Student: 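I am attaching a structure below and will ask some questions about it afterwards.
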Amino acid sequence: MKRSIIIVLGLLLISITGSFAQDPNSSIDLDYVSDPVFLGVTFGYNRVMHSVSLPSSDDLGMMCPKFENGSSNGFWAGITYEQFFGDLSNSRQSLIFRALYSTYPAYMEVGGEDLPTQVRIYNNQNELIDQRVIWTSVVNTYSVKYSVASLEISYKIKPIEGINLGITVTPTLDYVLQKTRDQRFELLTPDNAQFNITQAVLDSSHFTLTNNNRTVIIKQGDIDGANSIRVGLKVGLQYEINIPGGFYIVPAVYYNFGITNVAANNDWRVNALQIGIDIRKPIRF
């Protein structure tokens, strides 16, 4: 056993000695520094587009609109890390990892035009004193609050050597944090009019009157059948700019296409045109 250990140690010593013999200038580099880790923050603007057609059921017998293709403004913010391929000095490919919080709201509206409407006029004792036809204006609104926490892995390539223009392709996996909707029927004009709906009708329909009885809340709360996961595909263009202090900033524009539906019972996709910036700094450990 001892003889075997001595033989192994001898062979190891010969190997190390031979390595230094091949290069007389070889030495142990006590100043060796590992490649930097590129960490930073990312944030930006979402122009959100919901591709959907939502029919509205309405127990009150009012206008029953179909809400289509809502849009609104959102944002994202998070942290980012970039891992380059090959030699850092001339690498043209990398993976970019991001952990994000993003909002993808939407707003849809139907109506707003003036319509002839038969109205009842009551006195202060709530007694009917007159009926007439007047011009009224109403609007149906549908608001969506939709936010996600995301993990992204982007593949980046610089197609032109020496130019810091990059193309990115990113599959996204989003966990849905908020998925609520709010549908309302609102009386715009005249200013002195109100909806006259009995409490029995409100109780049976689960509607709510608000805004001095000028607004009926028809639906409120979580979207029916909403999925907890959103899967998307994001493609984009970016440009890297070095700035003093060792930082570099990366303005970028993306199109984020929703692959999965918001809800299982509707063809409802969330897409976004995204404009933002990454700020990263090389950090050595």
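Small disclaimer: the values here were computed from a predicted structure and weren't measured. In what follows, every heavy atom counts, from backbone to side chain, and hydrogens, waters and symmetry copies are set aside.
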Student: If every non-hydrogen atom of Ser53 is compared with every non-hydrogen atom of Lys66, which pair is closest and at what distance?
Tutor: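 Taking Ser53 first and Lys66 second, the nearest heavy atoms are OG-CD, 3.0 Å.
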Student: Once rounded to the nearest 0.5 Å, what's the spacing between atom CG of Leu39 and atom CG of Asp278?
Tutor: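 Going from CG on Leu39 over to CG on Asp278, the span is 12.0 Å.
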Student: To the nearest 0.5 Å, what is the distance between CZ (Arg47) and CG (Asn73)?
Tutor: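 Atom-to-atom, Arg47:CZ and Asn73:CG are 4.5 Å apart.
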Student: Do you know which two heavy atoms are closest between Val48 and Val270, and how far apart they sit?
Tutor: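 The answer is CG1-CG1, 4.2 Å.
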Student: Once rounded to the nearest 0.5 Å, what's the spacing between atom NZ of Lys281 and atom OH of Tyr248?
Tutor: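 Rounded to the nearest 0.5 Å, the NZ-OH separation comes out at 12.0 Å.
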Student: Should we count CD of Glu161 as having more than 12 external heavy atoms under 6.0 Å?
Tutor: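 No, because the 6.0 Å sphere around CD of Glu161 holds 12 heavy atoms or fewer from other groups.
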Student: If you look at every heavy atom in Pro105 and Gly74, which pair is closest and at what distance?
Tutor: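 Answer, listing the atom of Pro105 first, then Gly74: CD-CA, 4.0 Å.
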Student: Is a donor on one side and an acceptor on the other found under 3.5 Å between the side chain of Asn261 and the backbone of Trp268?
Tutor: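 Side chain of Asn261 to backbone of Trp268, a donor-acceptor pair under 3.5 Å: yes, one is there.
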Student: What's the spacing between Ser102 OG and Phe75 CZ if we round to 0.5 Å?
Tutor: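 Here the interatomic distance stands at 8.0 Å.
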Student: Donor-acceptor pair, distance only, cut-off 3.5 Å: does the side chain of Arg181 make one with the backbone of Ser143?
Tutor: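 Flag not set: sc Arg181 to bb Ser143 has no pair under 3.5 Å.
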Student: Treating Asn212 as the side-chain partner and Gln194 as the backbone partner, does any N or O pair qualify as donor plus acceptor under 3.5 Å?
Tutor: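 No, the answer is negative, given that no donor and acceptor are paired below the 3.5 Å cut-off.
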Student: Do Ser150 and Asp174 meet the criterion of a side-chain donor-acceptor pair at a distance under 3.5 Å?
Tutor: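 Note: Ser150 and Asp174 side chains meet the donor-acceptor criterion.
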Student: Find out if a path of hydrophobic residues (ILVMFWY) with successive side-chain heavy-atom gaps under 4.5 Å connects Tyr107 to Met49.
Tutor: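 No, because Tyr107 and Met49 fall into different hydrophobic clusters, even though each may have its own neighbours under 4.5 Å.
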Student: If you draw a 6.0 Å radius around CD1 in Ile283, do more than 12 non-hydrogen atoms from other residues or ligands fall strictly inside?
Tutor: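 Enclosed.
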Student: Applying the 4.5 Å side-chain criterion to the ILVMFWY set and letting contacts propagate, would Tyr254 and Leu95 be lumped into a single cluster?
Tutor: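 Each belongs to a different hydrophobic cluster.
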Student: Could you give the distance from NZ (Lys156) to OG (Ser94), rounded to the nearest 0.5 Å?
Tutor: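 Rounded to the nearest 0.5 Å, the NZ-OG separation comes out at 3.5 Å.
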Student: With side-chain hydrogen bond (donor to acceptor under 3.5 Å, both in side chains) as the criterion, how do Thr42 and Trp76 come out once you've worked through the C-alpha distance, each side chain's angles and the decisive distance to 0.1 Å?
Tutor: CA-CA 8 Å; Thr42 179; Trp76 87 80; 3.1 Å; yes
Student: Other members of the hydrophobic cluster containing Ile277, with the 4.5 Å side-chain heavy-atom rule, please.
Tutor: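 Besides Ile277, the hydrophobic cluster comprises Val41, Phe43, Ile160, Ile163, Leu165, Tyr239, Ile241, Ile243, Phe247, Ile249, Ile279, listed by chain and residue number.
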Student: Once you measure the plane-to-plane angle for Tyr142 and Phe67, does it fall in the parallel (<30°), tilted (30-60°) or perpendicular (>60°) bin?
Tutor: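 Tilted: the ring planes of Tyr142 and Phe67 meet at 30° to 60°.
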Student: Would a line drawn from the ring center of Phe84 to the ring center of Phe38 be shorter than 6.0 Å?
Tutor: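 Centroid separation for Phe84 and Phe38: below 6.0 Å.
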Student: For atom CD1 of Ile259, is the number of surrounding heavy atoms from other residues, nucleotides or ligands below 6.0 Å larger than 12?
Tutor: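 It does: Ile259 CD1 has more than 12 such atoms within range.
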Student: Side chains of Arg184 and Asn140: is there a donor and an acceptor less than 3.5 Å apart?
Tutor: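 No, because no side-chain N or O of Arg184 sits under 3.5 Å from a partner of the opposite role on Asn140.
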Student: Just wondering, do Leu273 and Val253 contact through their side chains at under 4.5 Å, heavy atoms?
Tutor: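 With C-beta onward as the side chain, the pair touches.
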Student: Test of understanding: clusters of I, L, V, M, F, W, Y form through side-chain heavy atoms closer than 4.5 Å, transitively. Do Tyr146 and Leu100 belong to the same one?
Tutor: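 Shared cluster, no.
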Student: Going by distance alone, is a donor N or O of one side chain under 3.5 Å from an acceptor N or O of the other, for Tyr104 and Gln178?
Tutor: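 No - no donor-acceptor pair under 3.5 Å links their side chains.
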Student: Taking everything shown except Tyr175 itself, do over 12 heavy atoms lie less than 6.0 Å from its OH?
Tutor: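 Check fails, neighbour count at 12 or below.
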Student: Let's go through Arg98 and Glu82 carefully: what are the C-alpha distance in whole Å and the side-chain angles of both, what is the deciding distance for salt bridge (charged side-chain N to carboxylate O under 4.0 Å, His left out) to 0.1 Å, and is it a yes or a no?
Tutor: CA-CA 9 Å; Arg98 295 185 182 91; Glu82 185 167 9; over 6 Å; no
Student: Does the gap between the ring centers of Tyr81 and Phe97 come in under 6.0 Å?
Tutor: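 Tyr81 vs Phe97: aromatic centres under 6.0 Å.
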Student: Can you see whether Thr172 engages Glu152 through a side-chain donor-acceptor pair at a distance of less than 3.5 angstrom?
Tutor: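 Per modelled atom types, Thr172 and Glu152 side chains form no pair under 3.5 Å.
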Student: What verdict does the side-chain hydrogen bond (donor to acceptor under 3.5 Å, both in side chains) test give for Arg230 and Asn256, after you've listed the backbone C-alpha separation in whole Å, the side-chain angles of each residue and the deciding distance to 0.1 Å?
Tutor: CA-CA 12 Å; Arg230 175 186 178 271; Asn256 190 328; 2.9 Å; yes
Student: State the OG1-CD1 distance between Thr170 and Ile96, to the nearest 0.5 angstrom.
Tutor: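 So the OG1 of Thr170 and the CD1 of Ile96 are separated by 7.5 Å.
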Student: Given Glu240, which partner from the list Arg92, Lys158, Arg280 fulfils the salt bridge (Lys or Arg N to Asp or Glu O under 4.0 Å) test?
Tutor: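 Per the salt bridge (Lys or Arg N to Asp or Glu O under 4.0 Å) rule, the option paired with Glu240 is Lys158, out of Arg92, Lys158, Arg280.
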Student: Is Leu237 linked to Phe257 within one hydrophobic cluster, defined over Ile, Leu, Val, Met, Phe, Trp and Tyr using a side-chain heavy-atom separation of less than 4.5 Å?
Tutor: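 Yes.
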Student: Using a 3.5 Å distance criterion without hydrogens, assess whether the side chain of Thr141 forms a donor-acceptor pair with backbone atoms of Glu109.
Tutor: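 No, Thr141 side chain to Glu109 backbone: no donor-acceptor pair under 3.5 Å.
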